[in-house]
Amino acid sequence: MHPSAALARIKPSPTLAITTRVQELKRAGVDVIGLGAGEPDFDTPDFIKEAGIKAIRDGQTKYTNVDGTPELKDAIAQKYLRDNGLTYTRDQISVNSGGKHTLFNAMVATLDAGDEVVIPAPYWVSYPDVVLFAGGTPVFVAAGADQNYKITPAQLDAAITPKTKWVILNSPSNPTGAAYSEAELKALGAVLEAHPHVWIFADDMYEHILFDDFKFTTIAQVCPSLYERTLTANGCSKAYAMTGWRIGFAGGAPWLIKAMSKLQSQSTSNPCSIAQAASVAALSGDQGFLKDNSALFQRRRDLVVGMLNQAEGITCPLPEGAFYVYPEISGLIGKSTPGGKRIETDEDFVGYLLDDAKVAAVQGAAFGLSPAMRISYATSDELLIKACTRIQEACAALR
């Protein structure tokens with residue numbers, strides 16, 4: 001017996017591997033600062049927790065509809081209308097066990113061997129692996145710091161072939177925090193309008209974490225002609241600090257939602273009934289705290305970008321959203337550590353940071369664009385100052 005060929009095509013999540021390593025070091029008493037995990041450091045708001053507790057007490061502990069309760073689908077429909085000006089009915093909405101599950105269902109339900117999926121790089125680590133698992137072929141389009149980590153319409157057009165089935169757009173982005181403006185989305189949309197065989201997976205997971213009065217839009221909203229072939233994906237994980245509750249969702253064409261539901265009926269069945277009830281409260285309740293959270297993240301972003309740009313050999317662009325920065329580290333490649341080890345790759349550098357500075361970041365290679373690293377600043381100001389000081393010292397110590 002050996003693992004399947006499909007499993008052999010993928011690798012374990014590098015971001016989760018870093019998180020596990022940090023937890024092990026902390027348990028061993030090492031003073032390590034973890035900047036690898038992509039989750040808010042604050043707790044799920046109390047009114048959402050209470051809704052989950054009430055659901056348990058009210059006996060909402062049975063199977064639900066495979067792809068979401070009617071109550072949650074209605075709350076999601078109201079969210080899409082309120083936040084994005086998009087209209088979806090219940091048969092156009094899929095509820096899944098987290099955003100990764102939404103992506104998995106969509107790709108596995110639609111991809112055949114040889115189908116291509118255009119993925120801008122840097123990308124979230126799961127995009128290519130899920131595509132590979134489903135038998136598809138990832139086609140990467142690289143956008144470096146010089147273009148603020150955003151692909152151009154010309155790049156998109158050049159990447160599309162008759163075999164292209166999907167284009168994945170993630171804005172604000174994990175890992176860079178870069179977000180496409182309405183004008184930028186319209187320009188990409190104009191390219192996609194000319195390729196009617198291509199579907200769009202719009203990953204809007206960081207929609208509510210925005211800075212400097214940036215106005216969020218999603219592609220089906222600014223290009224109504226693409227509405228029929230866009231899957232607008234989102235979830236409760238990041239904005240509502242509900243990573244562990246595992247609720248993702250999407251709005252799209254009824255046939256696609258039905259296909260995803262069919263797959264889900266034979267894999268996970270329904271998402272957790274308690275988490276669904278809590279998500280109704282999250283999406284329908286007072287949204288005021290979202291702006292407060294963005295303001296907090298903006299302060300941290302400014303702190304981290306400022307300190308990283310003072311570190312020798314690091315260039316850190318200013319992101320529009322999410323809670324990540326993606327500093328470019330080409331100025332450090334070829335230098336040597338105090339222990340005499342040569343820094344050949346970004347993986348070498350983050351290894352050096354972890355071993356010598358006790359700061360955990362994730363290498364750019366994991367996200368498809370090197371030499372760089374991803375830092376999550378979803379932690380306290382005090383720890384961020386400490387971590388960035390250690391990074392500055394670690395860079396200064398290289399020769």
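Quick caveat, the model's predicted, so the values are computed rather than measured.
- Contacts of Phe323 classified as ring-ring contact (aromatic ring centres under 6.0 Å, His included), with partners at least two apart in sequence or in another chain: Tyr206, Phe297.
- When the ring-ring contact (aromatic ring centres under 6.0 Å, His included) test is applied to Tyr80, the partners found at least two apart in sequence or on another chain are Tyr88, Phe249.
- The structure places OG of Ser273 at 11.0 Å from OH of Tyr63, a figure rounded to the nearest 0.5 Å.
- Following chains of ILVMFWY side-chain contacts shorter than 4.5 Å, one cannot reach Val108 starting from Val95, and the two form parts of different hydrophobic clusters.
- Asp41 and Arg300 are joined by a salt bridge, as a carboxylate oxygen and a charged side-chain nitrogen come within less than 4.0 angstrom of each other.
- A salt bridge is absent between Lys215 and Glu320; no separation between the charged side-chain nitrogens and carboxylate oxygens falls under 4.0 Å.
- For the atom pair Gln221 CD and Asp204 CG, the distance stands at 9.0 Å (nearest 0.5 Å).
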Verify salt bridge (charged side-chain N to carboxylate O under 4.0 Å, His left out) between Lys165 and Glu116, making sure each step is shown before the conclusion.
CA-CA 6 Å; Lys165 192 160 260 187; Glu116 294 174 354; over 6 Å; no
Please list, one pair per line, the donor and acceptor atoms closer than 3.5 Å that link side chains of residues 22-31 to other protein atoms, with sequence neighbours excluded.
{"from": "Asp31", "atom 1": "OD2", "to": "Arg390", "atom 2": "NH2", "distance (Å)": "2.6"}

Under 3.5 Å donor-acceptor pairs involving side-chain atoms of residues 188-200, not counting sequence neighbours:
{"from": "Glu193", "atom 1": "OE2", "to": "Ser225", "atom 2": "OG", "distance (Å)": "2.6"}
{"from": "His195", "atom 1": "NE2", "to": "Asp157", "atom 2": "OD1", "distance (Å)": "2.8"}
{"from": "His197", "atom 1": "NE2", "to": "Thr161", "atom 2": "O", "distance (Å)": "3.0"}

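- Legend: ring pair (Phe, Tyr, Trp, His ring centres under 6.0 Å) pairs involving residues 11-37, not counting sequence neighbours: none detected.
- Around CZ of Arg229, the count of heavy atoms belonging to other residues, nucleotides or ligands within 6.0 Å exceeds 12.
- Between Gln264 and the choices Thr102, Asn105, Asn270, the side-chain hydrogen bond (donor to acceptor under 3.5 Å, both in side chains) rule is met once, by Asn105.
- The aromatic rings of Tyr377 and Phe211 lie tilted to each other, with the angle between the two planes from 30° to 60°.
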Please output the side-chain donor-acceptor pairs of residues 118-142 that fall under 3.5 Å, not counting sequence neighbours, one pair per line with the distance.
{"from": "Tyr127", "atom 1": "OH", "to": "Asp203", "atom 2": "OD2", "distance (Å)": "2.5"}
{"from": "Asp129", "atom 1": "OD1", "to": "Lys11", "atom 2": "N", "distance (Å)": "3.1"}
{"from": "Asp129", "atom 1": "OD2", "to": "Lys11", "atom 2": "NZ", "distance (Å)": "3.3"}

